[in-house]
Amino acid sequence: MEVMEVPADDVLLQRPWLPVSISGCQLLAKSWFGETAYRVLLTDMQGMWEERMDTADIQSRAQELNRRLRAPVKAFFSHLCEVVQPYLSGAAGRANREAQISLDRRDDGSVSLRLKSELEGLPFYWEFHCTPAPVALVCVQLVRPLLVMSRLLQRQVDQLGGLLVRKDAEIQDYRENGATLSRERLQTDAFVESMYREDFMAKTLPLLSSEHQDALGFDADLQQLYAAVVAHGNARKRKLSEEDDEPTTVVEEPPAVTSTPASGSVEPADRKPSHNGRGETSRAKMADRPAVQQPSVTSDPAERPTSKPKKKKVGLFR
C-alpha cells in the first residue's frame with residue numbers, strides 16, 4: 001500500500017514565497033513536489049489558493065486530460081515537475097520553450113493553471129485546480145510570519161537609531177577636542193529620530209504609491225528573513241514538544257502493613273480495633289516479633305502472601 005506523500009503544513013511552511021508572473025498576473029507562490037505528489041500555494045495578496053494532490057489523484061487527472069496516456073504516475077511525473085517548476089519559482093526564462101502556461105480565474109473563486117507541453121513527441125496537458133485556502137492556512141503560511149518579520153524589522157530600526165545617536169555623540173567629542181574633517185562633503189547632520197521619521201514618510205510614501213500596485217516586492221532579503229523566522233519558530237516548537245514528551249515517573253508508597261496473616265490478606269496499620277479486643281491482641285503480638293522487611297516465603301504456594309505491585313504514575317505520554 002503506497003503512503004500518501006503530501007506534507008504537513010510545517011513542511012510547506014519552510015518553503016519560501018517566490019514572486020511569479022503568469023498571464024500578466026503578479027503572484028507569490030510556494031510549492032512542494034515529491035516523488036508522486038505535490039502541493040501548491042498561490043496568493044495575490046487579495047486571496048490565497050491551494051491544491052494538494054497524491055498519487056491516486058494525479059493518476060485520475062492525467063487520464064482525464066490525456067486520453068491516450070497509459071503509464072503509471074512515476075513515468076510522467078518527473079516531466080511535469082521539470083516543466084512547471086520554473087514557472088512556480090519565478091524563473092520562467094529557464095522554462096521549456098515548448099511549454100505554455102496560462103492562468104484562469106473561475107466564477108466560484110478558484111484559480112486554474114493550464115499547462116501544455118510535449119512528452120515523448122506527444123502533447124501533454126495538465127491543470128492545477130487551486131481552491132480558496134482556509135483562513136487558518138493563510139494565517140499560518142503568511143500573516144503570522146509577516147507580523148513577526150515586521151516586529152523584527154522594527155526592533156532593528158530602533159537599534160540602528162540608537163547606534164546613530166551614539167555615533168553623533170562620538171563625532172561631537174572629536175570636534176570638541178580639535179578634530180576636523182579632511183573633506184567637507186563627508187560632513188553629515190546630527191540624527192534626530194522624529195525629524196527622520198517625518199522626512200522618510202513624506203518622501204517614501206509617494207514613491208510607493210507611484211509604483212505598480214500589482215508588483216509584490218518579496219525580494220531575496222525578505223525571503224531570507226522569512227526563512228529565518230520560520231526556522232526559529234519550528235525549532236521552538238520542537239523544543240517544547242521534546243519537553244512535553246519527557247516522562248515523569250511518580251511512585252506511590254504502599255500503605256503501611258502491620259501484619260501478614262497466613263491467608264495472604266494485608267491489614268492496614270490504622271485499622272481500628274474491634275469491640276472484642278482482637279485488635280489490641282494483634283498489636284501486642286506484633287510488638288514481640290522482630291522487625292522483618294521482607295515477608296517470608298513459604299514452600300506452600302497457597303500460604304504465600306500476595307503482594308500488590310507498586311503503582312506508577314507516568315506523564316501524559318508513555
Side-chain angles (χ1 to χ4, degrees), residues 1-44 46-92 94-142:
M1 181 177 179
E2 190 168 0
V3 180
M4 184 176 178
E5 296 183 23
V6 178
D9 290 341
D10 290 342
V11 178
L12 191 64
L13 184 61
Q14 302 174 14
R15 301 284 172 167
W17 284 103
L18 302 174
V20 301
S21 178
I22 301 176
S23 297
C25 182
Q26 303 295 325
L27 302 167
L28 289 177
K30 62 164 53 183
S31 59
W32 172 88
F33 288 88
E35 293 184 359
T36 55
Y38 70 79
R39 191 172 176 188
V40 174
L41 283 178
L42 299 173
T43 179
D44 60 355
Q46 296 181 359
M48 182 178 291
W49 304 270
E50 69 161 340
E51 184 183 41
R52 60 181 75 194
M53 297 282 283
D54 59 10
T55 305
D57 295 332
I58 293 174
Q59 183 72 53
S60 176
R61 184 172 297 176
Q63 294 294 331
E64 179 183 351
L65 298 175
N66 305 274
R67 299 293 185 180
R68 300 174 59 184
L69 183 63
R70 298 291 183 271
V73 175
K74 290 184 178 180
F76 62 84
F77 190 73
S78 59
H79 169 75
L80 175 62
C81 296
E82 180 182 356
V83 172
V84 76
Q85 280 183 335
Y87 292 103
L88 296 180
S89 62
R94 299 197 303 267
N96 190 338
R97 295 181 179 179
E98 298 177 353
Q100 300 176 3
I101 190 169
S102 61
L103 183 144
D104 295 329
R105 296 179 182 268
R106 299 183 176 180
D107 296 336
D108 59 357
S110 62
V111 171
S112 177
L113 298 180
R114 302 177 184 272
L115 179 69
K116 178 182 178 181
S117 63
E118 287 189 5
L119 177 60
E120 296 184 357
L122 296 176
F124 177 79
Y125 301 94
W126 188 259
E127 293 182 2
F128 294 88
H129 299 163
C130 301
T131 57
V135 176
L137 181 64
V138 178
C139 292
V140 169
Q141 295 288 342
L142 188 60

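Here the structure is a predicted model, which means the values were calculated and not measured. Numbering starts at 1 and runs along the sequence shown.
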Nearest heavy-atom neighbours spanning [X] and [Y]:
X      : Y     : value
Glu35  : Phe77 : O-CD2, 2.9 Å
Phe124 : Leu80 : CE2-CD1, 4.3 Å
Ser102 : Ile22 : C-CG2, 4.1 Å
Glu127 : Leu65 : N-CD1, 3.5 Å
Thr36  : Ile58 : O-CD1, 3.6 Å
Leu137 : Arg39 : CD1-NH2, 3.7 Å

Neighbour count above 12 (heavy atom, 6.0 Å) for Gln63 CD: yes
Audit row: Gln85, Ser31, side-chain contact (heavy atoms from CB on, under 4.5 Å) steps and yes/no: CA-CA 8 Å; Gln85 280 183 335; Ser31 59; 5.5 Å; no
Trp49 side chain vs Val40 backbone, donor-acceptor pair below 3.5 Å: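 No: the side chain of Trp49 does not pair with the backbone of Val40.
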Side-chain donor/acceptor of Asp44 to backbone N/O of Gly47, under 3.5 Å: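 Yes, the answer is positive, given that a donor and an acceptor are paired below the 3.5 Å cut-off.
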Heavy-atom side-chain proximity of Leu27 to Leu103 below 4.5 angstrom: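 Sidechains of Leu103 and Leu27: in contact.
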4.5 Å side-chain heavy-atom contact, His129 and Arg106: yes
